[in-house]
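Please read the structure below before turning to the comments.
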Amino acid sequence: MISGFFIFNQKGEVLISRLYRTDLKRSVADVFRVQVVSNTDVRSPIITLGSTSFFHVRVANVYVLAVTKSNANAALVFEFCYRFISIAKSYFGKLDEEAVKNNFVMIYELIDEILDFGYPQNSEIETLKHYITSESVRSEIALRDDSKIAAQTTGSTSWRRTGIRYKKNEAFVDVVEVVHLLMSASGTVLRADVTGQVLMRAYLSGMPECKFGLNDKVVLQNTRRAEGETYEAGTVELEDAQFHQCVRLNMFDTDRSITFIPPDGEFELMRYRAESSVHLPLRVQPIVTEVGKTHVDYTIAVKANFNSKLSATEVVIRIPTPLNTTQVECKSPAGKAKYVPAENVIRWQIPRVQGGSEVTLTATASLTQTTDRKPWQRPPMDVDFQVLMFTASGLLVRYLKVYEKSGYNSVKWVRYLTKANGSYQIRF
């Protein structure tokens with residue numbers, strides 16, 4: 001699939017170079033240097049010149065480049081590039097020119113293990129760390145039994161080694177969702193969608209089989225019914241669902257249960273997106289009135305649209321002010337609000353908003369006279385928050401079971417988190 005793999009610095013110097021096919025020469029690095037590194041008008045991460053395609057990702061001050069002469073799957077090539085970046089950050093803490101120069105030998109060992117004749121083989125971080133270490137001696141596990149290396153990397157469960165033992169067997173599942181919202185000044189939702197992750201930390205002995213079920217009414221995009229038909233209330237539609245390679249997809253298609261043998265430690269089990277029936281955690285109602293050319297009056301009401309037993313924490317609302325604002329007087333019974341001249345916003349910080357409650361901010365911005373008569377453009381407000389044990393998409397985990405031949409008991413935990421960070425905007 002990949003004919004060559006390179007890492008360049010921002011000057012165009014080759015830091016790492018590995019050719020996997022004879023159809024490529026090292027002089028291809030000069031082409032990339034001229035066409036991408038030295039070109040300030042590069043807009044695409046893919047450049048095709050003749051029969052040669054260059055796939056690059058820029059991280060900090062280095063370029064990660066994969067080159068192919070075949071009609072390769074572009075998504076697969078980029079998945080490999082980003083997987084390599086994740087592996088490098090896991091090993092070195094960061095991926096930049098300094099990290100590459102300090103770990104030449106380690107990087108060559110990694111790419112030789114990950115790629116075989118240009119085909120990705122084994123990219124599981126935990127597996128690689130057992131056989132490729134930063135120490136001068138081989139890892140203890142590798143020394144125990146060399147025959148296990150081939151069995152693990154080529155077997156059906158290459159992501160998990162055998163012989164794992166824990167005194168306490170635990171499994172943690174985190175459903176993390178990020179809400180994206182754009183609301184008009186009249187309160188109409190212009191855009192609302194959710195991107196979610198199901199993260200898991202598995203500290204389980206042996207070769208356990210885990211099974212957990214999602215909502216009975218979860219529907220995937222590729223299993224939607226004929227156009228024009230409606231879903232029952234409470235249906236959760238998931239789009240662009242992606243699973244870790246350990247998941248048995250045929251089981252999910254039949255009963256919406258996710259069955260898998262988990263990697264040891266922390267990993268991303270599933271990623272998804274939802275665009276329909278998004279439950280907005282916070283409803284923000286702004287009233288902004290321009291009083292002549294000297295003042296702007298603000299009344300901002302925030303209502304929590306979730307159960308009273310839950311609460312939103314780390315709520316930060318950034319309310320734009322005109323460029324000629326001199327000072328702002330703020331009054332609010334909840335949290336602290338102050339004018340930040342450097343950002344030209346009123347920053348309203350609320351430690352906690354209880355479900356079902358409503359908090360209000362009133363403020364008056366004083367303006368200075370200017371010769372510029374252009375009207376104030378009124379950029380949207382940004383709202384940041386996080387709500388524990390709440391999902392905006394409605395996705396829920398019904399059960400989590402662990403089966404292992406020794407029959408041990410395990411402790412299971414499920415947690416939900418919905419948050420917004422610069423993606424929740426309200427116009428006024």
Side-chain angles (χ1 to χ4, degrees), residues 177-195 275 278-306 308 311-387 390 392 418-428:
E177 293 189 344
V178 178
V179 187
H180 304 268
L181 170 71
L182 180 59
M183 183 177 288
S184 70
S186 61
T188 304
V189 176
L190 303 177
R191 175 203 172 194
D193 62 79
V194 173
T195 55
E275 292 184 340
V278 176
H279 308 287
L280 300 177
L282 296 180
R283 190 84 178 185
V284 182
Q285 296 176 323
I287 300 175
V288 180
T289 307
E290 296 184 46
V291 184
K293 297 181 180 179
T294 59
H295 293 85
V296 177
D297 292 334
Y298 297 85
T299 302
I300 312 296
V302 180
K303 185 174 182 179
N305 292 329
F306 44 83
S308 59
S311 60
T313 57
E314 300 181 18
V315 180
V316 178
I317 303 174
R318 286 177 289 275
I319 307 160
T321 60
L323 295 176
N324 58 331
T325 301
T326 56
Q327 64 177 5
V328 179
E329 292 183 7
C330 304
K331 294 180 181 179
S332 174
K336 295 181 180 179
K338 66 176 182 178
Y339 173 54
V340 184
E343 301 177 17
N344 221 54
V345 297
I346 301 170
R347 181 183 172 90
W348 185 18
Q349 194 165 358
I350 312 170
R352 183 180 298 273
V353 178
Q354 203 67 29
S357 65
E358 184 174 335
V359 293
T360 305
L361 166 74
T362 57
T364 300
S366 301
L367 310 180
T368 184
Q369 295 292 336
T370 62
T371 56
D372 188 3
R373 296 184 178 181
K374 290 183 180 180
W376 180 33
Q377 295 299 320
R378 295 195 179 194
M381 294 188 300
D382 284 336
V383 183
D384 296 346
F385 61 86
Q386 61 179 31
V387 185
F390 174 87
T418 295
K419 61 182 180 179
N421 187 11
S423 59
Y424 208 86
Q425 297 185 327
I426 295 93
R427 294 175 178 172
F428 59 86

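For reference, positions follow the sequence shown, starting with 1.
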- Could you tell me which residues satisfy side chain to side chain donor-acceptor pair (under 3.5 Å) with Ser423, sequence neighbours excluded, listed by chain and number? none
Under the 3.5 angstrom rule, does the side chain of [X] hit a backbone N or O of [Y] as a donor-acceptor pair?
| X | Y | value |
| --- | --- | --- |
| Asp384 | Val316 | no |
| Asn324 | Thr368 | yes |
| Glu177 | Ala392 | yes |
| Gln425 | Met183 | no |
| Tyr424 | Leu282 | yes |
| Ser332 | Ala334 | yes |
| Ser184 | Thr188 | yes |

Side-chain contact test, heavy atoms from C-beta onward, threshold under 4.5 Å: evaluate it for [X] versus [Y] and give yes or no.
| X | Y | result |
| --- | --- | --- |
| Val278 | Leu280 | yes |
| Val345 | Ile319 | no |
| Val359 | Ile350 | yes |
| Leu367 | Val296 | yes |
| Ser366 | Thr326 | yes |

- Task: Indicate the ring-plane relationship of Phe390 and Phe306, choosing parallel, tilted or perpendicular according to the 30° and 60° boundaries.
- Result: tilted
- Message: Quick one about Ser311 and Arg352 (side-chain donor to acceptor, distance below 3.5 Å, no hydrogens or angles considered), yes or no?
- Response: yes
- Message: Looking only at side-chain N and O atoms, does Asp297 offer a donor or acceptor that is under 3.5 Å from a partner on Thr289?
- Response: no
- Show your reasoning for whether side-chain contact (heavy atoms from CB on, under 4.5 Å) applies to Val179 and Thr418. CA-CA 7 Å; Val179 187; Thr418 295; 3.4 Å; yes
- Should we say atom CD of Glu329 is surrounded by more than 12 heavy atoms from elsewhere, each under 6.0 Å from it? no
[X] [atom1] to [Y] [atom2] distance, which is reported to the nearest 0.5 Å:
| X | Y | atom1 | atom2 | value |
| --- | --- | --- | --- | --- |
| Tyr298 | Thr321 | OH | OG1 | 5.5 Å |
| Glu314 | Asn421 | CD | CG | 10.0 Å |
| Lys303 | Arg283 | NZ | CZ | 10.0 Å |
| Tyr339 | Cys330 | OH | SG | 10.5 Å |
| Thr364 | Lys331 | OG1 | NZ | 8.0 Å |
| Gln285 | Ile287 | CD | CD1 | 7.5 Å |

- Taking every non-hydrogen atom, the tightest pair across Thr360 and Trp348: C-CH2, 3.7 Å
- For the pair Val383 and Ile426, evaluate side-chain contact (heavy atoms from CB on, under 4.5 Å) and give the outcome as yes or no after the intermediate values. CA-CA 8 Å; Val383 183; Ile426 295 93; 3.8 Å; yes
- Item | Candidate pair Val340 and Arg318, rule side-chain contact (heavy atoms from CB on, under 4.5 Å), full reasoning | CA-CA 10 Å; Val340 184; Arg318 286 177 289 275; over 6 Å; no
- Pair Arg378 + Glu290: basic N to acidic O under 4.0 Å: yes
- Item | Residues Val284, Met381; criterion side-chain contact (heavy atoms from CB on, under 4.5 Å); working and verdict | CA-CA 9 Å; Val284 182; Met381 294 188 300; 3.5 Å; yes
